[in-house]
There are 2 protein chains.
Amino acid sequence: MAVRIDGVDRKILAEMQRDASQSLDDIARAVGSSKTPVWNRIRKLKEAGVIRQQTVFLDAEALGFEACFFVLIRTSEHDADWQARFLKALQDRAEVQEAHRLAGDIDYILKVRVRNARAYDAFYQALISEVRVHNVTALLSMEEIKSTTMLPLEI
Amino acid sequence: MAVRIDGVDRKILAEMQRDASQSLDDIARAVGSSKTPVWNRIRKLKEAGVIRQQTVFLDAEALGFEACFFVLIRTSEHDADWQARFLKALQDRAEVQEAHRLAGDIDYILKVRVRNARAYDAFYQALISEVRVHNVTALLSMEEIKSTTMLPLEI
DNA sequence: GCTCAATATAGGAAATTGTTCTGGATATCC
DNA sequence: GGATATCCAGAACAATTTCCTATATTGAGC
């Protein structure tokens, strides 16, 4: 389960982050090895869950998702039942791309990707009717300056 | 450049979002087509930039990135020069996974992924020494409840 | 420092997959 | 309603993945 990750693994992961459509031979060349060890390492990294998903990163606007909100949530309810229902509500809604429980004044932050402001309002109304929250602030993104999931795996 | 995206394209994109390591045959079967048209559509979607990147989604904690901050930034400087320098500073820093320019009271929000609080402080000090900002609030994530880049391409 | 065991490696064979081509079907425009 | 363009299924070929085998490397115990 717990794998030891060395420099070669990090190089492989860096290459795959950069472009996961490369062939094994290309990755092997990039990391200075041959395809068999690279293939075995990738398999182990997948098994261990270090590689969680292989996916494509799409242009949200080209697909009609033109609005993005960051939602700051304060709640006065902190019992386990409320938390479980809130968690489930977030996980069930595909608009919610990120959800974090925070330390401090604000309890949760969400990133919500929707087609337009109307769709955000529908999401908001549905959410607050499902779970009670004390205070909600929505920050509307005007421009996505940067967006990546890449980790800086500098060797 | 501007492609028309139909239901089949959306099905293909949905499959690729779910698992980009599938073979063309698998995707073709899933969308009810054969691999030639699927291959041509994928090529066009890549050319048009709808598919921006094929990548792997890694377990940040397993790789030692144990801290995640959302940073709310207010500034009193809004001229083009300042903005260009700020933009460049964000794009140059690999810790910054997301950066959005906002409407309203708060001007920018960042998502910053670092190894620990000390690394965040180093980032913060470097940033404010490079560009002048009026007010910075950091929200520390305690728990990543949800994290995905998938768009809800319901057909 | 040597031996043995464990592990990692390169190279190659077989199976699978990606890419291109061809002919035929469907839709569109005049 | 016919010409034009577009799209699709299937086959052929090229490339890649997957697995196997033999060799090299590393580390622990003596």
Side-chain angles (χ1 to χ4, degrees), chain A residues 1-59 61-64 149-155, chain B residues 1-64 149-151 153-155:
Chain A
M1 197 67 204
V3 270
R4 253 192 95 32
I5 294 161
D6 65 8
V8 178
D9 289 321
R10 274 194 295 274
K11 277 190 188 176
I12 292 171
L13 293 173
E15 278 302 315
M16 293 186 79
Q17 279 195 120
R18 200 174 60 72
D19 179 8
S21 73
Q22 290 177 97
S23 74
L24 273 175
D25 278 322
D26 290 340
I27 297 173
R29 201 171 311 116
V31 308
S33 183
S34 70
K35 67 191 154 124
T36 307
V38 170
W39 187 79
N40 282 315
R41 283 164 181 270
I42 290 173
R43 188 173 48 75
K44 280 179 191 162
L45 289 164
K46 281 182 183 165
E47 275 170 15
V50 177
I51 297 174
R52 285 171 32 177
Q53 195 188 12
Q54 187 160 331
T55 189
V56 286
F57 202 35
L58 304 179
D59 182 336
E61 291 195 9
L63 291 160
T149 58
M150 286 178 67
L151 299 172
L153 299 171
E154 71 289 334
I155 314 303
Chain B
M1 197 64 203
V3 271
R4 251 188 99 23
I5 295 163
D6 65 8
V8 178
D9 289 321
R10 273 195 296 274
K11 277 190 188 177
I12 291 170
L13 294 173
E15 279 301 316
M16 293 185 79
Q17 279 194 121
R18 200 173 59 71
D19 180 8
S21 72
Q22 291 178 95
S23 74
L24 273 176
D25 279 322
D26 289 340
I27 297 172
R29 201 170 311 120
V31 308
S33 183
S34 68
K35 61 183 178 169
T36 306
V38 170
W39 187 82
N40 281 316
R41 282 164 183 269
I42 291 173
R43 188 175 47 77
K44 278 179 192 162
L45 289 165
K46 280 181 184 167
E47 274 170 15
V50 178
I51 296 174
R52 287 173 25 179
Q53 194 187 13
Q54 186 160 332
T55 189
V56 286
F57 202 35
L58 305 178
D59 181 336
E61 292 196 7
L63 290 160
T149 58
M150 288 178 66
L151 299 172
L153 300 171
E154 72 288 334
I155 315 303

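Predicted model only: the values in this text are computed from it and were never measured. Letters A, B, ... are given to chains in the order of the sequence lines, protein chains preceding strands, and every chain is numbered from 1.
The side chain to side chain contact (heavy atoms under 4.5 Å, CB included) check on Q53(B) picks up F57(A), M150(A), T55(B), with sequence neighbours excluded. The side-chain hydrogen bond (donor to acceptor under 3.5 Å, both in side chains) test applied to R52(B) returns no partner, not counting sequence neighbours. Applying the side-chain hydrogen bond (donor to acceptor under 3.5 Å, both in side chains) criterion to Q17(B), with sequence neighbours excluded, gives no partner residue. Taking the side-chain hydrogen bond (donor to acceptor under 3.5 Å, both in side chains) definition, one finds that E61(A) meets it with nothing, sequence neighbours left out. Taking the side chain to side chain contact (heavy atoms under 4.5 Å, CB included) definition, one finds that A62(B) meets it with V50(A), D59(B), sequence neighbours left out. Residues passing the side chain to side chain contact (heavy atoms under 4.5 Å, CB included) test with S34(B) are P37(B), sequence neighbours excluded. Listed by chain and number, the residues in a side chain to side chain contact (heavy atoms under 4.5 Å, CB included) with T36(B) are N40(B) (sequence neighbours excluded). Qualifying side-chain hydrogen bond (donor to acceptor under 3.5 Å, both in side chains) partners for D25(A), counting only residues two or more places apart in sequence or in other chains: none.
The stretch residues 34-41 of chain B comes close to DNA chain C through K35(B), T36(B), W39(B), each having a heavy atom under 4.0 Å from the strand. A heavy atom lying under 4.0 Å from DNA chain D marks none of the residues of residues 16-27 of chain B.
Put simply, CZ on R29(A) is 15 Å from C1' on dA10(C), counting in whole angstrom units. Distance R43(B) CZ to dG18(C) C1': 13 Å, rounded to the nearest Å.
Running 5' to 3' along DNA chain D, contacts with non-hydrogen atoms of chain B at under 4.0 Å begin and end at dC7(D) to dG10(D).
Comparing the helix axis at one end of the helix from dG1(C)-dC30(D) to dC30(C)-dG1(D) with that at the other, each defined from 5 consecutive pairs, gives an inter-axis angle of 50° (nearest 10°).
With respect to the salt-bridge test (charged N to carboxylate O, under 4.0 angstrom), the residues E47(B) and K44(B) do not qualify.
Nearest heavy atom pair, residue A28(A) against residue K35(A), reads CB-N, 3.8 Å.
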